[in-house]
Amino acid sequence: MYSDGKLSDSKVLNQVKKILTNHVKKQPKFVWMNQLYSRVYQNALIDLKDAFSRYRSGKAGYPKFAKLWSI
């Protein structure tokens, strides 16, 4: 659907935002999410949109995760 141009990153992330707000945050096991400011989630989705944009334009590659420290 991305290649056909039917879906853009903005449209997909708007749907993710709706699901997060209307379904996930209302479930009993995710009640703790309501204790955070909504701006936290908004900024995370904005950053995700920017990351997708950089990846699709070729400015960035796959994420490289830091190694976990072993104790």
Side-chain angles (χ1 to χ4, degrees):
M1 292 181 120
Y2 275 110
S3 61
D4 294 339
K6 293 179 182 177
L7 292 178
S8 67
D9 293 336
S10 295
K11 288 181 182 179
V12 171
L13 291 174
N14 283 339
Q15 291 299 319
V16 169
K17 184 178 177 181
K18 286 180 185 179
I19 291 170
L20 177 71
T21 305
N22 296 329
H23 300 290
V24 175
K25 289 175 73 176
K26 293 182 180 178
Q27 293 184 10
K29 64 182 178 180
F30 296 113
V31 171
W32 61 269
M33 293 178 76
N34 294 318
Q35 295 174 355
L36 298 176
Y37 293 109
S38 63
R39 194 70 185 156
V40 171
Y41 303 111
Q42 291 171 359
N43 285 339
L45 291 171
I46 290 168
D47 290 343
L48 182 60
K49 178 183 171 191
D50 291 342
F52 276 135
S53 176
R54 285 191 308 273
Y55 174 74
R56 295 200 198 300
S57 69
K59 294 180 182 176
Y62 288 108
K64 296 178 183 174
F65 298 100
K67 293 180 181 179
L68 296 176
W69 295 91
S70 59
I71 298 175

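Everything numeric in this text was worked out from a predicted model, so none of it was measured.
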Residues that [X] engages under side chain to side chain contact (heavy atoms under 4.5 Å, CB included), provided they are two or more places apart:
X	result
Leu20	Val24, Lys25, Met33, Tyr41
Ser38	Gln42
Asn14	none

Task: Hydrophobic cluster membership, Leu36 vs Ile19, 4.5 Å side-chain cutoff - done: yes

- [ ] Calculate, to the nearest 0.5 Å, the distance between atoms OG and NZ belonging to Ser8 and Lys49 respectively.
- [x] 8.0 Å

- [ ] Of all the heavy-atom pairs spanning Leu13 and Leu45, show the shortest one and how long it is.
- [x] CD1-O, 3.8 Å

Task: Ser57 side chain to Arg54 backbone, donor-acceptor under 3.5 Å - done: yes

